[in-house]
Amino acid sequence: MASLTLLTIIILPLAYLVSLVIYRIYFTRISHIPGPKLASVTYLYHAWYDLWPHQGRFTFHLEELHKRYGPIIRIGPDEVHIKDVNYVNEIYPSDHRRKRNKSALFFWMVGTDEFGDHSAGATLDHETHRAKRNSMAPYFSARMVRDLEPRILGKVTLLRDKFLAFSNSNQLVELRNAMSGLTLDVISEYSFGSSFGALNSNDFGRPLNNMLLQGVKVHPFARIFRPLAIFIFRLPRWLMPASEILDNSIKYDTLISSMTQSAFTDAMASCENEKASEAAHRTIVHSMLAAESLGPEDKTFARLKADAMVLIGAGTETTARTLATALYHILATPRVYDKVLAEVRTIMPSADSPIPPVTKICQLKYLTAVLEESLRIAHGVAGRLSRIAPDEDLFYDGLKLPKGVTFSQSMYYIHSDPSVYPFPDEFHPERFLEGEEAVSKKWDVALAKEHLQPFGKGTRNCLGINLAWSELYLTVGALIGSVKMELVDTGKEDVMIVKEYFVGYLPEASKGIRVKVLGKS
Ligand code: HEM
């Protein structure tokens, strides 16, 4: 009896574990791909870098692994990472016939009914995603962004006026927080016709901004312990363990619910009283309810709320940090500041001139290069963009990636590749400008432009590209054109990402990117 118990309690589980380890190292469909043995056995390997004792560092550890094992490495029992700027189109094709699913290994929220589960962004299957995305795409098209530009401009004007109100005061403005207030208000106003009002508060909506910033910290834990995360998120709220991250996600859920609810109620009434297509420009919810690509099961409140959660989350921190990074580098480099201001003055003659429309600002070549360089160096989305090819085998350097395997690249590595962007940690807008400097420094401008892909690539790239560009042009144009500021005790280390929680993350010990407003420029 005792030996039977010993067998069941110790020996059988041990034998199972040993066979699993041997199987995972030597006999899976990707065992031929080099990489650390421990990573091929268990995701606990990631935990060391992403959870404890380090946090959000696995993406950066990949550099070391690639140096040791080469451009293609195995980073999980069924996951591969590639670091090669020339292999991007193969992983993220734009042709819908080459299907790319997302992977639940990274999009852990699938199955939680929370965190944007059922949204387009978190839909794994290629075709299902396509229908959901098509229902939102018209609302974020270049034309719609142009039509709704007054919504963006209203918020940018408010931001500029708030900055000017700080003139000659001793109060410093922290740019990343201020830009988060702006982008949060823009994405909510643009998508729902009413904003969170972050810019109406003196602190640019700091509690809301912090809620979003803290919320993303859930990703590493949930990726590594996915079943546990799903279990926790499916618990009734009163049974959930006490945690700041959970609290923030619940607050976020409540906030988005009420915003979606009022748009939903209004949109349902519009559907009854007027032609749905006529109301479709009013909010993203109206637009989705009018979309023919969606069936009734995808037009429920819960489903639309999931998309709203992803839109607000995706549209805020990425754009805010890119803006803060752009402003830091402009202010930190007098040569760049002088050029940007001189160029802005050609369409905005004085600090009191009206903010020009995006169609005019986007013609400024130097400013465009500054924004391209900011998008590159800010690493808005730094995490690996994981995909699965459900029905084609891929090949890299003779190595087979069988269909069904999860693979990824990280735009962080593309944008830090010195063969495309020499001295990648340095800010040089000129790498994106044909001209004397590029020739004298032997910079390949065409190559730099070809590999700049901050918004991802292929059929699942960023939905908000047009909106993001409009925000970047209007905000930097308006602030440089109207406001004179100087950096206070802020250095390059305050704008360089040190962690990855899907979005890149700045050092938490830093006091931020602080400026003193001196008056009008
Ligand atoms: C500088 C700003 C931005 C950057 C760098 C950025 C970057 C990205 C990237 C790299 C992806 C692809 C993720 C993946 O492949 O898994 C993505 C997806 C997405 N982005 Fe953005 N984004 C920005 C701004 C915005 C804005 C303003 C919106 C608001 C509409 C937005 C909405 C989305 C959505 C909804 C997706 C998911 C698209 C889908 O799955 O079809 N993003 N973004």
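Just so you know, ligand 1 is whichever comes first in the structure, and atom 1 is the first atom listed for that ligand.
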* To do: Nearest 0.5 Å please: distance from the CE atom of Met288 over to the CG atom of Leu294.
  => 6.0 Å
* **Ile82, Val80, Leu62 screened by side chain to side chain contact (heavy atoms under 4.5 Å, CB included) with Ile73, the one that passes** => Leu62
* To do: Can you sort out which atoms of ligand 1 are near Asn461, meaning under 4.0 Å from one of its heavy atoms?
  => 38 (C)
* Considering the heavy atoms of Thr322, write down every atom of ligand 1 situated less than 4.0 Å from one of them. => 1 (C)
* **Any side-chain heavy-atom pair of Met485 and Leu479 under 4.5 Å** => yes
* So does Arg384 pair up with Glu79, basic N to acidic O under 4.0 Å? -> yes
* So which protein heavy atom does atom 23 (C) of ligand 1 come closest to, and at what separation? -> Thr318 OG1, 3.4 Å
* Going by the order shown, which atoms of ligand 1 are within less than 4.0 Å of some heavy atom of Leu311? -> 30 (C), 35 (C)
* Structure fact -> Going by the 4.0 angstrom heavy-atom rule, the piece of Phe106 near ligand 1 is neither
* Passing option when Trp108 is tested against Phe225, Phe115, Phe502 for ring-ring contact (aromatic ring centres under 6.0 Å, His included) -> Phe115
* **atom 32 (C) of ligand 1: nearest protein contact (heavy atom, Å)** => Ala314 CB, 3.6 Å
* To do: Answer side chain, backbone, both or neither: which part of Phe140 comes under 4.0 Å from ligand 1, heavy atoms only.
  => side chain
* Report the part of Arg460 in contact with ligand 1, treating N, CA, C, O as backbone and CB onward as side chain, heavy atoms under 4.0 Å; options are side chain, backbone, both, neither. => backbone
If you look only at distance, which donor and acceptor atoms sit under 3.5 Å apart when one is on a side chain in residues 181-189 and the other is two or more places apart or in another chain?
unit_1: Thr183; atom_1: OG1; unit_2: Met179; atom_2: O; d: 3.1
unit_1: Thr183; atom_1: OG1; unit_2: Ser180; atom_2: O; d: 3.3
unit_1: Thr183; atom_1: OG1; unit_2: Thr316; atom_2: O; d: 3.0
unit_1: Asp185; atom_1: OD1; unit_2: Gly197; atom_2: N; d: 3.0
unit_1: Asp185; atom_1: OD1; unit_2: Ala198; atom_2: N; d: 2.9
unit_1: Asp185; atom_1: OD2; unit_2: Ala198; atom_2: N; d: 3.0
unit_1: Asp185; atom_1: OD2; unit_2: Leu199; atom_2: N; d: 2.8
unit_1: Ser188; atom_1: OG; unit_2: Leu184; atom_2: O; d: 2.7
unit_1: Ser188; atom_1: OG; unit_2: Asp185; atom_2: O; d: 3.1
unit_1: Ser188; atom_1: OG; unit_2: Phe196; atom_2: N; d: 3.3
unit_1: Glu189; atom_1: OE1; unit_2: Ser195; atom_2: N; d: 3.3

* Does Thr123 approach ligand 1 within less than 4.0 angstrom via side chain, backbone, both or neither, non-hydrogen atoms only? -> neither
* Per-atom contacts, ligand 1 versus Gly456 - under 4.0 Å to a heavy atom -> 10 (C)
* Asked: Quick one: does ligand 1 sit under 4.0 Å from the side chain of Leu385, the backbone, both or neither, non-hydrogen atoms only?
  -> side chain
* **Contact (N/O only, under 3.5 Å) between Arg133 and ligand 1** => yes
* Taking only Lys NZ, Arg NE, NH1 and NH2, and the carboxylate oxygens of Asp or Glu, determine whether Lys305 and Asp253 approach each other closer than 4.0 Å. => yes
* Asked: Mind checking whether Tyr413 and His66 have parallel, tilted or perpendicular rings, split at 30° and 60°?
  -> perpendicular
* Asked: So which bit of Arg384 gets within less than 4.0 Å of ligand 1, heavy atoms only: side chain, backbone, both or neither?
  -> neither
* Should the pair Asp50-Arg223 be classified as a salt bridge under the 4.0 Å nitrogen-to-oxygen rule? -> yes
* When you check the gap from the basic side-chain N to the acidic O, do Lys339 and Glu343 get nearer than 4.0 Å? -> no
* Distance filter under 4.0 Å to Leu375 heavy atoms, resulting ligand 1 atoms -> 1 (C)
* Structure fact -> among protein heavy atoms, the one nearest atom 29 (C) of ligand 1 is Ile187 CD1, 3.5 Å
* What part of Met411, side chain, backbone, both or neither, has a heavy atom within less than 4.0 angstrom of ligand 1? -> neither
* To do: For the residue pair Lys217 and Gln55, establish whether any side-chain heavy-atom pair is separated by less than 4.5 Å.
  => no
* Structure fact -> Counting heavy atoms under 4.0 Å, the part of His129 that contacts ligand 1 is side chain
* Asked: Looking at atom 6 (C) of ligand 1, what's its closest protein heavy atom, distance included?
  -> Phe455 CD2, 3.7 Å
* **Cationic N near anionic O, under 4.0 Å, Arg431 to Glu372** => no
* Heavy-atom contacts with Val381 under 4.0 Å: which atoms of ligand 1 show up? List them by number with element. => 7 (C), 8 (C), 9 (C), 10 (C)
* In the protein, what heavy atom is nearest to atom 15 (O) of ligand 1, and what distance, to one decimal place, separates them? -> Arg387 NH2, 2.7 Å
* Asked: So which heavy atom in the protein is nearest atom 21 (Fe) of ligand 1, and how far is it from that ligand atom?
  -> Cys462 SG, 2.3 Å
* **Student check: side-chain heavy atoms of Val476 and Val344 closer than 4.5 Å** => no
* At a 4.0 Å threshold, what atoms of ligand 1 neighbour a non-hydrogen atom of Phe107? -> 16 (O)
* Do the rings of Phe163 and Phe204 sit parallel, tilted or perpendicular, given the 30° and 60° boundaries? -> perpendicular
* So does Arg98 pair up with Glu90, basic N to acidic O under 4.0 Å? -> yes
* Structure fact -> If we number the atoms of ligand 1 from 1 as shown, the ones under 4.0 Å from a heavy atom of Lys102 are 16 (O), 40 (O)
* Looking at atom 7 (C) of ligand 1, what's its closest protein heavy atom, distance included? -> Pro454 O, 3.4 Å
* atom 2 (C) of ligand 1: nearest protein contact (heavy atom, Å) -> Thr319 OG1, 3.5 Å
